[in-house]
Amino acid sequence: QVRLVESGGGLVQPGGSLRLSCATSGIRFGAATMAWARQGPAQQREVVATINPSGNPSYIDSVKGRFTISRDNSKNTVYLQMNSLNPEDTSVYYCRVPGTSWWGQGTQVTVSS
């Protein structure tokens, strides 16, 4: 059974930081490209960062320089370090395996003063 479990969301002030984690089980994590996606209020889901099995990351322009995706293959876990957060980053953040139907349940990130 495949499980993707996100954690680390919460309420943060503008300019603050959060670190999201996604613990996985039931997949060949070391061979999988992993991604973080988000869906804001009344918005479509968008993938914000991906990391391939070799650890090479990619980001959408709006988060470049602020977000860092990383992985720990020994823990089957992928992370998203988010710095310099702004209200536009408010979303539910999801962990996913691109090209599959495997998604986590999401974790809410709210950026507000």
Side-chain angles (χ1 to χ4, degrees):
Q1 182 181 3
V2 175
R3 294 193 69 203
L4 306 175
V5 181
E6 301 97 335
S7 61
L11 173 64
V12 63
Q13 292 187 342
S17 298
L18 283 174
R19 188 192 194 206
L20 306 183
S21 299
C22 173
T24 75
S25 60
I27 66 172
R28 291 180 59 209
F29 184 82
T33 292
M34 300 297 299
W36 285 96
R38 67 184 179 186
Q39 184 169 19
Q43 295 181 355
Q44 291 186 332
R45 287 187 186 183
E46 62 174 354
V47 174
V48 298
T50 63
I51 186 166
N52 70 9
S54 298
N56 296 315
S58 63
Y59 306 94
I60 59 171
D61 285 346
S62 61
V63 307
K64 281 181 181 177
R66 300 189 300 122
F67 290 10
T68 301
I69 188 171
S70 62
R71 64 193 297 157
D72 186 338
N73 290 346
S74 69
K75 296 181 179 179
N76 295 338
T77 300
V78 61
Y79 304 96
L80 187 67
Q81 177 68 42
M82 305 186 296
N83 299 329
S84 302
L85 285 162
N86 59 61
E88 290 70 38
D89 296 316
T90 294
S91 294
V92 179
Y93 283 75
Y94 299 89
C95 173
R96 69 162 302 196
V97 182
T100 74
S101 59
W102 300 332
W103 290 76
Q105 82 289 349
T107 185
Q108 176 70 47
V109 172
T110 302
V111 185
S112 175
S113 56

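We count residues from 1, following the sequence as given. Both backbone and side-chain heavy atoms feed into the values below; hydrogens, waters and symmetry mates do not.
The closest donor-acceptor contact from the side chain of T100 to the backbone of W102 lies under 3.5 Å. No donor-acceptor distance shorter than 3.5 angstrom exists from the side chain of T107 to the backbone of S7, with no hydrogens or angles considered. In terms of modelled atom types and a separation under 3.5 Å, the side chain of R66 and the main chain of S84 share a donor-acceptor contact. Q105 places no side-chain N or O within 3.5 Å of a backbone atom of V5 that could act as its donor or acceptor partner. With hydrogens and angles disregarded, no donor-acceptor distance shorter than 3.5 Å links the side chain of Q13 to the backbone of S113. R71 places a side-chain N or O within 3.5 Å of a backbone atom of N52 that can act as its donor or acceptor partner.
Note on L11 and V111: separate hydrophobic clusters, where clusters join Ile, Leu, Val, Met, Phe, Trp and Tyr whose side-chain heavy atoms are under 4.5 Å apart, directly or indirectly. Put simply, V97 and V92 are part of two different groups of oily side chains (I, L, V, M, F, W, Y) that touch within less than 4.5 Å, one to the next. When hydrophobic clusters are built by joining Ile, Leu, Val, Met, Phe, Trp and Tyr residues whose side-chain heavy atoms come closer than 4.5 Å, directly or via intermediates, Y93 is grouped together with V63. Cluster annotation: I60 is connected to L20 through the hydrophobic network of ILVMFWY side chains, with a link wherever side-chain heavy atoms come within less than 4.5 Å.
Atoms CZ and OG, from R96 and S101 in turn, are 9.0 Å apart once rounded to the nearest 0.5 Å. Here M34 contributes atom CE and L80 contributes atom CG; the two are 12.0 Å apart, rounded to the nearest 0.5 Å. Rounding to the nearest 0.5 Å places CE of M82 at 5.5 Å from CZ of F67. Taking CH2 of W36 as the start and CD of E6 as the end, the distance is 5.5 Å to the nearest 0.5 Å. For the atom pair Q43 CD and S91 OG, the distance stands at 6.0 Å (nearest 0.5 Å).
A side-chain N or O of S58 and one of T50 form a donor-acceptor pair less than 3.5 Å apart. Side chains of S17 and N83: a donor-acceptor N/O pair is present below 3.5 angstrom, by distance only.
Contact between F29 and D72 at its shortest, heavy atoms only, is CE2-O, 3.8 Å. Nearest heavy atom pair, residue Q44 against residue Q39, reads C-CG, 4.1 Å. Between S21 and T77, the closest heavy-atom pair is CB-CG2, 4.4 Å. Shown here for T33 and P53, the closest heavy-atom pair between the two residues is OG1-CD, 3.4 Å. Of all the heavy atoms in Y59 and A49, the pair that sits closest is CD2-CB, 3.6 Å. I69 and P57 get closest at one heavy-atom pair: CG2-CB, 3.6 Å.
Contact annotation: the side chain of Q81 never approaches that of L18 to less than 4.5 Å [non-hydrogen atoms, C-beta and beyond]. At a threshold of 4.5 Å between non-hydrogen side-chain atoms, the residues C22 and L4 count as touching.
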Working for side-chain contact (heavy atoms from CB on, under 4.5 Å), residues I51 and V78: CA-CA 9 Å; I51 186 166; V78 61; 4.1 Å; yes
Verdict with supporting geometry, N56 and S54, side-chain hydrogen bond (donor to acceptor under 3.5 Å, both in side chains): CA-CA 6 Å; N56 296 315; S54 298; 4.6 Å; no
Verdict with supporting geometry, T90 and Q108, side-chain contact (heavy atoms from CB on, under 4.5 Å): CA-CA 8 Å; T90 294; Q108 176 70 47; 4.0 Å; yes
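The side-chain hydrogen bond (donor to acceptor under 3.5 Å, both in side chains) test applied to T24 returns no partner, not counting sequence neighbours.
Hydrophobic cluster membership for Y79: none, as no Ile, Leu, Val, Met, Phe, Trp or Tyr side chain comes under 4.5 Å of it.
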